[in-house]
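Okay, so here's the structure we're looking at.
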Amino acid sequence: MYKEFKIAFNYKNQKDEDKNIILKIYNLLLEQYGPQGWWPVKGKYFPDEKNRDEENRYEIIVGAILTQNTAWKNVEKALSNLREEGLIDPDRIMKIDTNKLAELIRSSGYYNQKALRLKEVTENLLFYIKTGKIPKREELLIIRGIGPETADSILLYAFHYPIFVVDAYTRRLLIRIGLCKFPCSYDDAQNLFMSNLPRDEKLFNEYHALIVKHGKDLCKKNPLCSKCILKKKSICPK
DNA sequence: ATCCAGGCGTTAT
DNA sequence: ATAACGCATGGA
């Protein structure tokens, strides 16, 4: 099942694969939820094929900023407003009045901050957005508005660079399973995945998306453990 | 009404 | 180093 998501694995036999708990969790989540199809770019407004990659890339970066500590549903509304105004375009974002921009992205929360940061990020990444050249992680981290999760999201989803994205769901999951002890720093969590998995962009993409799905549906603050496949397979002790 | 969502930066201990 | 706080909307 889902063979196309497993091609990166290089194990000679099932036994070796079973010893890798990180990989086991991935396969179980994939089995339970199916492929998630991230990043969910909605735009179909490309004037010509040449700009398609650039616009996709930029929409993902904008989404990564807007979704910080905010439900994706609220971000979609904001993105659709930007689309209607033809603002999934770095040059045009730089020109629009910040207050006007803030109003368009209101539904995504923290809209004054995010309008400001959207412009700063866009300005600083203009070259990378346009060329598709991959920025360095450290270079992203010094931009105001980009922390570790957003940096890695941009690298993975906008630039297809194989780095594992960690979020609140990921840490909560690792702590509950007992693979990482509280508070489970960003780097600790990231290392756990990256040292136990082949460095494969498609795998990291799907795995993070599956963890988010799992965190939303079952492994919530108040978890629904009775329905959880990780509990059933005795991977999670809760 | 209260709580939470695909965090981050600043300021206080 | 780590904790607490502000930023803010919309859905459950």
Side-chain angles (χ1 to χ4, degrees), chain A residues 25-26 29-30 33-42 59-82 98-125 137-161 163-176 180-190 193 201 203-224:
Chain A
I25 293 167
Y26 171 75
L29 293 179
L30 185 59
Y33 300 110
Q36 299 299 300
W38 276 31
W39 188 285
V41 170
K42 285 274 178 63
E59 177 163 333
I60 290 165
I61 291 169
V62 173
I65 303 292
L66 295 186
T67 197
Q68 289 168 358
N69 203 36
T70 300
W72 181 252
K73 187 80 186 220
N74 295 349
V75 177
E76 285 191 318
K77 173 70 179 157
L79 284 175
S80 119
N81 288 341
L82 294 179
T98 304
N99 291 318
K100 170 74 175 162
L101 177 58
E103 214 40 57
L104 290 168
I105 63 170
R106 180 180 244 283
S107 67
S108 68
Y110 311 130
Y111 51 89
N112 290 313
Q113 264 193 6
K114 283 176 178 174
L116 236 27
R117 290 177 181 178
L118 208 44
K119 284 192 163 186
E120 282 195 44
V121 169
T122 302
E123 184 173 23
N124 282 284
L125 294 183
R137 190 175 193 263
E138 313 82 68
E139 199 172 345
L140 294 175
L141 287 174
I142 57 180
I143 301 171
R144 259 162 32 133
I146 299 185
E149 182 183 343
T150 307
D152 291 337
S153 287
I154 289 173
L155 287 169
L156 179 63
Y157 290 105
F159 291 93
H160 307 288
Y161 178 83
I163 191 158
F164 202 91
V165 177
V166 171
D167 63 359
Y169 293 131
T170 310
R171 281 138 105 172
R172 187 161 71 200
L173 179 67
L174 291 178
I175 290 167
R176 281 180 175 163
C180 191
K181 56 178 185 300
F182 185 86
C184 191
S185 75
Y186 191 97
D187 291 345
D188 286 347
Q190 187 175 55
F193 288 95
E201 175 251 332
L203 169 63
F204 290 175
N205 175 324
E206 191 55 41
Y207 205 159
H208 173 65
L210 283 166
I211 290 173
V212 171
K213 174 74 172 164
H214 184 57
K216 279 181 180 167
D217 286 8
L218 301 183
C219 202
K220 308 188 272 196
K221 176 154 287 184
N222 260 324
L224 307 175

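Of the P atoms belonging to B:dG6 and C:dC5, the separation is 24 Å, rounded to the nearest Å.
Across all strands, A:Lys77 comes closer than 4.0 Å to no nucleic acid atom at all (heavy-atom distances).
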Query raised in the report: Taking protein heavy atoms under 4.0 Å as touching, what does nucleotides 2-12 of chain C look like 5' to 3' if B marks base contact, S marks sugar-phosphate-only contact and - marks none?
Result: ----BBBBS--

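Looking only at side-chain heavy atoms (C-beta outward), A:Val212 and A:Gln36 stay at 4.5 Å or farther from each other. At a threshold of 4.5 Å between non-hydrogen side-chain atoms, the residues A:Leu218 and A:Pro223 do not count as touching. A heavy-atom distance below 4.5 Å is not found between the side chains of A:Lys216 and A:Lys213.
Listed by chain and residue number, A:Trp39 satisfy the ring pair (Phe, Tyr, Trp, His ring centres under 6.0 Å) test with A:Trp72 (two or more places apart in sequence, or in another chain). For A:Thr122, the side chain to side chain contact (heavy atoms under 4.5 Å, CB included) partners are A:Tyr58, A:Pro90, A:Ile93, A:Met94, A:Leu126, not counting sequence neighbours.
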Which donor-acceptor pairs under 3.5 Å do side chains of residues 138-145 of chain A form with protein atoms, sequence neighbours excluded?
unit_1	atom_1	unit_2	atom_2	d
A:Glu139	OE1	A:Tyr128	OH	3.0
A:Glu139	OE2	A:Tyr128	OH	2.6

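Boundaries of the chain A contact region on DNA chain B are B:dC4 to B:dT10, first to last in 5' to 3' order (nucleotide atom under 4.0 Å from a heavy atom).
Near DNA chain B, meaning a heavy atom under 4.0 Å from it, residues 143-150 of chain A has A:Ile143, A:Arg144, A:Gly145, A:Ile146, A:Gly147, A:Pro148, A:Glu149, A:Thr150 in order of number.
Counting heavy atoms of neighbouring residues, nucleotides and ligands inside a 6.0 Å radius, atom CD of A:Glu120 exceeds 12 of them. Heavy atoms of other residues, nucleotides or ligands lying less than 6.0 angstrom from NZ of A:Lys77 number 12 at most.
Ring pair A:His214/A:Tyr33: centre-to-centre distance below 6.0 Å.
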